[in-house]
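These notes concern the structure reproduced below.
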Amino acid sequence: MSSNSPFNITLPDGSVREMPHGASPMDVAAAISPGLAKAVIAARVDGELVDATMAFTGDAALHLVTARDEADALELARHDFAHVLAEAVQQIFPGTQITFGPATDDGFYYDVMPPASRGAFTEDELPAIEDAMRAIIRADKPLRREVWSRADLIQRWREAGENFKAEWAAELPQGEELSVYWSGDDWMDMCRGPHLPSTGRLDPAAFKLMRVAGAYWRGDQKNAQLTRIYGTGWLNKKQLDAHLLRLEEAAKRDHRKLGQEMDLFHLQQEAHGSVFWHPHGFRIWRELEAYMRRAIDASGYDEVKTPQVMDARQWEQSGHWGKYRENMFVIPDEVPNVEDEGPVVSGDADWMALKPMNCPAHVLIFRQGIKSYRDLPLRLFEHGCCHRNEPHGALHGLMRVRQFTQDDAHIFCREDQIIREVQDFCALADRIYKDFGFTYAIKLALRPDKRFGSDADWDKAENELRNAVVQAGLATAEYGWAELPGEGAFYAPKLEWHLTDAIGRTWQVGTIQSDRVLPERLDASYIGEDGARHRPIMLHRAIFGSYERFLGILIEHYAGRFPVWLTPVQAVVATIVSDADAYAGQVAAELAAAGIRVETDLRNEKINYKVREHSLAKVPHLLVVGAREAAEGKVAIRTLGQDGQRIMTIAEALAMLRAEATPPDLRG
RNA sequence: GCUGCUGUAGCUCAGAGGUAGAGCACUCCCUUGGUAAGGGAGAGGCCGAGAGUUCAAUUCUCUCCAGCAGCACCA
């Protein structure tokens, strides 16, 4: 082939165009039509996303990327918004250092270091930055790629006082082409690209700066903290507006807000990170607990209860003291000094700790008496109340607390029983998540850097979990199968269940972990068929994860409108006139006798007022009774989310309510 | 834990260097009214905690505590 023969460029429809050397995807677009040239924002050359103006280097398959290729277009636009943001910030606040600015799931951010003369940027300054961004977009500055030598680049950043960029330029992998992008002729950033042809391809009405936050340089707590400016960015205003609306929807179902409005629980300073469950909230908890007990009773588990506080030496032996102490609540084993002055604790008492996990206690139960291989698998379940002293900034409503109750169990089994146990667990988890209307993805979290146990054991453990899921046919794209390096616990790899809720957010809740470390450390053993002692494998598993968190997720998933079987108040009997009070009491009594959670509302208020109040409280069924209903022995039922009423007899109403109030696992 | 913001009545929020206000909720009175707010009156606050500046601090400053948004961690 001669060195200056044209390149053959194959288009998606199979047609081939000959293009001279130096030609780019943009030239192909221009050759097809001027309209296409205008619409092209980037290109996929042999599948790789590149600048539309990047010259071909050989024969290639070409796909011209336009706004119709939404995923690519969004990614490009968001990345460009980030650059425009950085340019705008430096324009308004000279002396600001720039660092990184990637695209995110719904937009972009850029981490910057404000000039030494001032503090972090504030949200009040965002509108001015937005204006500057719009000006840059309207100026339609061409984005031009250049390749620089490392030395030139480092020097350029040093001269510009860009210490972070200089550091990064020095550390980029050898052999990598170092590219910069010019925005017009007056601003540049170091970036791998690709980018849109010019800033004018962005829609100035399709982004919004959302907030500022702190973020560490290169994600490390030991490094300088930068100001991160977050924005949301889209292809057009319509998409932006839709996104803002979604955010409002999510805010409306915030469990902290609904928890207060529905009087489910509260949190307060004196016990921060621990939950005060109110009567209505705890009804949901009890219903969940009863549901879970039925599930584990039917699955061969034995429920146990273990101590809240154990000697620190026990935690040393289990390894928690070494690896987990910073998160443990430690207490002295002594009577506090009661004199007015003087220390409350002497400092020389033995230390005890609140349990951060239930596992060691379950091993201690296992160790009582001599276990035979015939006893395995032994499945010990506990509604275990744990305390963890979490970093204060991590606490978040019910989602991250310092005291929580797990639906925790440990399955002690032989190696050859693992796959079966893991598969049974997958089936149980599947049934339960579906009962709540969740879909889920399963992920395998692999060994972390900080860990116990030999590599050989980790190999085995990871393979067992992987094989169980593969053999169960769940390691597929449909189940969102993925492996997450470094995400495992310090003692074991984990299978994780990531739930997707009603508005598409994901939550990690369930897990099963195969552990060889703890049985070894705590010397658990059983007598095998051969008469010798063997180590059992310990499978740690949970389905709700914690009641607190799962309840928080449920509140947001259902937006407070719980299914009837879970809802705190299933029906309210509300009177129109006081003459119906006695009848209302009779109706309520009949429902209560049938196990329906029912309340009466006999207040001297208009029915409009009562309807409004109970609707806002998300009571699923309102049974309205007046003189007419009392005379006829009927009720007028108004169902949440539906217009109008249904008149029925008490017996009919009771049958309907009983059917709806039956938990999903008890339905025929 | 880090950065920024916030902390006033049960809730949502105004307010100002001279010890406080609204709406909803609450209590009482009137109203007995057919499916999303009937009317009136009343009660309710150590203005997150501590220190400083000031004649005077809830208001300004500092320190702590808690909450919020991120980060870093994690069920």
Side-chain angles (χ1 to χ4, degrees), chain A residues 104 109 111 113-114 119-125 210-230 254 256-257 260-261 263 266-273 324 326-327 356-357 384 386 388-408 445 487 489 494 496-497 507-511 540 542-550 552-553 574-581 602-617 622-629 636-640 642-646:
Chain A
T104 63
Y109 65 79
D111 287 348
M113 175 61 97
F121 296 114
T122 68
E123 293 187 5
D124 295 340
E125 291 167 315
M210 304 298 281
R211 64 180 83 87
V212 295
Y216 301 107
W217 167 237
R218 304 174 78 167
D220 189 330
Q221 237 183 120
K222 290 193 278 291
N223 290 339
Q225 189 151 22
L226 311 166
T227 302
R228 176 169 296 178
I229 301 177
Y230 278 95
D254 188 300
R256 293 164 300 184
K257 180 171 168 286
Q260 185 178 77
E261 285 172 8
D263 195 19
H266 86 271
L267 298 157
Q268 69 180 59
Q269 182 161 350
E270 289 72 12
H272 71 108
Y324 211 75
E326 60 198 23
N327 288 312
M357 299 176 183
C386 296
R388 295 183 191 171
N389 199 348
E390 300 287 354
H392 289 196
L395 300 178
H396 180 90
L398 296 177
M399 301 303 187
R400 193 79 178 273
V401 290
R402 306 209 294 176
Q403 175 191 311
F404 55 93
T405 301
Q406 296 177 310
D407 62 311
D408 198 10
E487 300 276 314
K494 308 194 263 191
E496 300 176 346
W497 274 253
W507 307 93
Q508 201 245 296
V509 288
T511 180
H540 307 245
I543 291 178
F544 290 163
S546 85
Y547 276 77
E548 285 79 1
R549 188 153 196 260
F550 196 67
I553 294 168
T575 51
I576 297 172
V577 291
S578 51
D579 286 347
D581 285 1
L602 311 182
R603 291 175 304 170
N604 177 13
E605 296 290 351
K606 289 202 156 67
I607 193 62
N608 284 357
Y609 182 88
K610 295 185 184 182
V611 165
R612 174 182 155 81
E613 202 167 82
H614 299 298
S615 298
L616 289 174
L622 190 58
L623 280 55
V624 177
V625 296
R628 215 149 61 212
E629 287 76 14
I637 296 197
R638 183 190 167 99
T639 296
L640 188 63
Q642 293 175 17
D643 287 331
Q645 54 176 343
R646 288 176 286 167

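No hydrogens, no waters, no symmetry mates; every other heavy atom, side chains included, goes into these values. All chains are named by letter (A, B, ...) in the order of the sequence lines, taking the proteins before the strands, and each is independently numbered beginning at 1.
You won't find any donor-acceptor pair under 3.5 Å spanning the side chain of Gln269(A) and the base of rA49(B), going by distance alone. The base of rG1(B) sits with one of its N or O atoms less than 3.5 Å from a complementary donor or acceptor on the side chain of Tyr216(A). Put simply, the side chain of Ser578(A) and the base of rU32(B) share a donor and an acceptor less than 3.5 Å apart. Contact of Arg612(A) with rA37(B) (side chain to base): a donor-acceptor pair of N or O atoms is detected under 3.5 Å.
Considering only side-chain atoms of Lys606(A), the nucleotide from rC26(B), rG38(B), rC71(B) that sits closest is rG38(B). Distance from the side chain of Arg211(A) is smallest to rA69(B) among rA69(B), rA36(B), rG33(B). Of the candidate nucleotides rA36(B), rU32(B), rG34(B), rG34(B) has the atom nearest to the side chain of Ile576(A). Comparing atom distances between the Val611(A) side chain and each of rA75(B), rA36(B), rC71(B) picks out rA36(B) as nearest.
Of the P atoms belonging to rG4(B) and rA36(B), the separation is 50 Å, rounded to the nearest Å. Here the separation of rG70(B) from rG52(B), taken at their C1' atoms, is 33 Å to the nearest Å. rU8(B) and rG45(B) have their C1' atoms separated by 8 Å, with the value rounded to a whole Å. Distance noted for atom P between rA14(B) and rA72(B): 32 Å (whole Å). Nucleotides rA16(B) and rG34(B), compared at atom C1', are 49 Å apart to the nearest Å. When the C1' atom is used for both rC65(B) and rU27(B), the distance is 34 Å, rounded to whole Å. Straight-line distance between the P atoms of rU54(B) and rU61(B): roughly 16 Å, to the nearest whole Å. Look at the P atom in both rA51(B) and rU59(B): the space between them is 13 Å, to the nearest Å.
Within 4.0 Å of Ala574(A), counting heavy atoms only, lies no atom of the nucleic acid at all. Ala394(A) comes within 4.0 angstrom of a base, heavy atoms only. Within 4.0 Å of Ala542(A), counting heavy atoms only, lies no atom of the nucleic acid at all. Looking at heavy-atom distances under 4.0 Å, Lys494(A) makes contact with sugar-phosphate atoms alone, never a base. Arg256(A) comes within 4.0 angstrom of the backbone, heavy atoms only, and of no base. Contact annotation for Gln260(A): backbone-only contact, meaning every heavy-atom pair under 4.0 Å involves sugar-phosphate atoms and none involves a base. Arg400(A) comes within contact range of at least one nucleobase, with a heavy-atom separation under 4.0 Å. Among the protein residues, Gln406(A) comes within range of no part of the nucleic acid, since none of its heavy atoms lies under 4.0 Å from any strand. Here Tyr109(A) lies out of heavy-atom contact (under 4.0 Å) with every strand. Heavy atoms of Glu261(A) sit nowhere under 4.0 angstrom from any nucleic acid atom. Arg638(A) comes within 4.0 angstrom of a nucleotide base, judged by non-hydrogen atoms across all strands.
Here the straight-line distance linking atom CG of Asp408(A) with atom CZ of Phe544(A) works out to 13.5 Å at 0.5 Å rounding. Atom CD of Glu629(A) sits about 11.0 Å away from atom OG1 of Thr575(A), to the nearest 0.5 Å. Separation of atoms CZ (Arg218(A)) and CG (Leu226(A)) is listed at 11.5 Å; rounding is to 0.5 Å. Between Glu548(A) atom CD and Gln403(A) atom CD the span is 7.0 Å, to the nearest 0.5 Å. Between the NE2 atom in His614(A) and the CG atom in Leu623(A) there is a gap of 11.0 Å [rounded to 0.5 Å]. In this structure, CG on Leu622(A) lies 14.0 Å from CZ on Arg612(A), to the nearest 0.5 angstrom.
rC68(B) atom C1' lies 15 Å from atom NE2 of His272(A), rounded to whole Å. Distance, Leu623(A) CG to rU35(B) C1': 13 Å, rounded to whole Å. The nearest whole Å value for the distance from the CG atom in Asn608(A) to the P atom in rG33(B) is 13 Å. In this structure, Arg218(A) places its CZ atom 17 Å from C1' of rC71(B), rounding to the nearest Å. One interatomic measurement links the two molecules: OH of Tyr230(A) to P of rC71(B), which rounds to 4 Å at whole-angstrom precision. Following rounding to the nearest Å, Leu267(A) (CG) and rG7(B) (C1') show an atom-to-atom distance of 16 Å. Atom-to-atom, CG of Asp254(A) to P of rU12(B) comes out at 12 Å; the value is rounded to the nearest Å. To the nearest angstrom, C1' of rC74(B) lies 8 Å from CZ of Arg549(A).
Where Leu226(A) and Thr575(A) meet RNA chain B, the nucleotide closest to each residue was compared, and Leu226(A) sits on the side nearer the 5' end. Comparing Pro391(A) and Glu629(A) against RNA chain B, the residue whose closest nucleotide sits nearer the 5' end is Pro391(A).
With both pairing distances under 3.5 Å, rA43(B) is matched to nothing as a Watson-Crick or G-U wobble pair. For rA22(B), the paired base is rU12(B) (Watson-Crick or G-U wobble, both distances below 3.5 Å). Judged by Watson-Crick or G-U wobble contacts below 3.5 Å, the nucleotide rU32(B) has no partner. For rG67(B), the paired nucleotide is rC5(B), the pair qualifying as Watson-Crick or G-U wobble because both relevant distances are below 3.5 Å. Look at rA57(B): it lacks any Watson-Crick or wobble partner with both distances under 3.5 angstrom. When both pairing distances are held under 3.5 Å, rG17(B) makes no Watson-Crick or G-U pair with any nucleotide shown.
Nucleotide rC46(B) is shown with a syn base, its glycosidic torsion being within 90° of 0.
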Leu602(A) and Ser578(A): side-chain contact (heavy atoms from CB on, under 4.5 Å), yes or no, with the steps? CA-CA 7 Å; Leu602(A) 311 182; Ser578(A) 51; over 6 Å; no
Is there a side-chain contact (heavy atoms from CB on, under 4.5 Å) between Arg400(A) and Arg388(A)? Walk through the geometry before answering. CA-CA 10 Å; Arg400(A) 193 79 178 273; Arg388(A) 295 183 191 171; over 6 Å; no
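Phosphate contact (OP1/OP2 of rA25(B), side-chain N/O of Tyr609(A), threshold under 4.0 Å): present. Taking side-chain N and O atoms only, His396(A) has a distance below 4.0 Å to OP1 or OP2 of rA69(B).
An aromatic stack links Phe404(A) and the base of rA75(B), using centre distance under 5.5 Å and interplanar angle under 30°.
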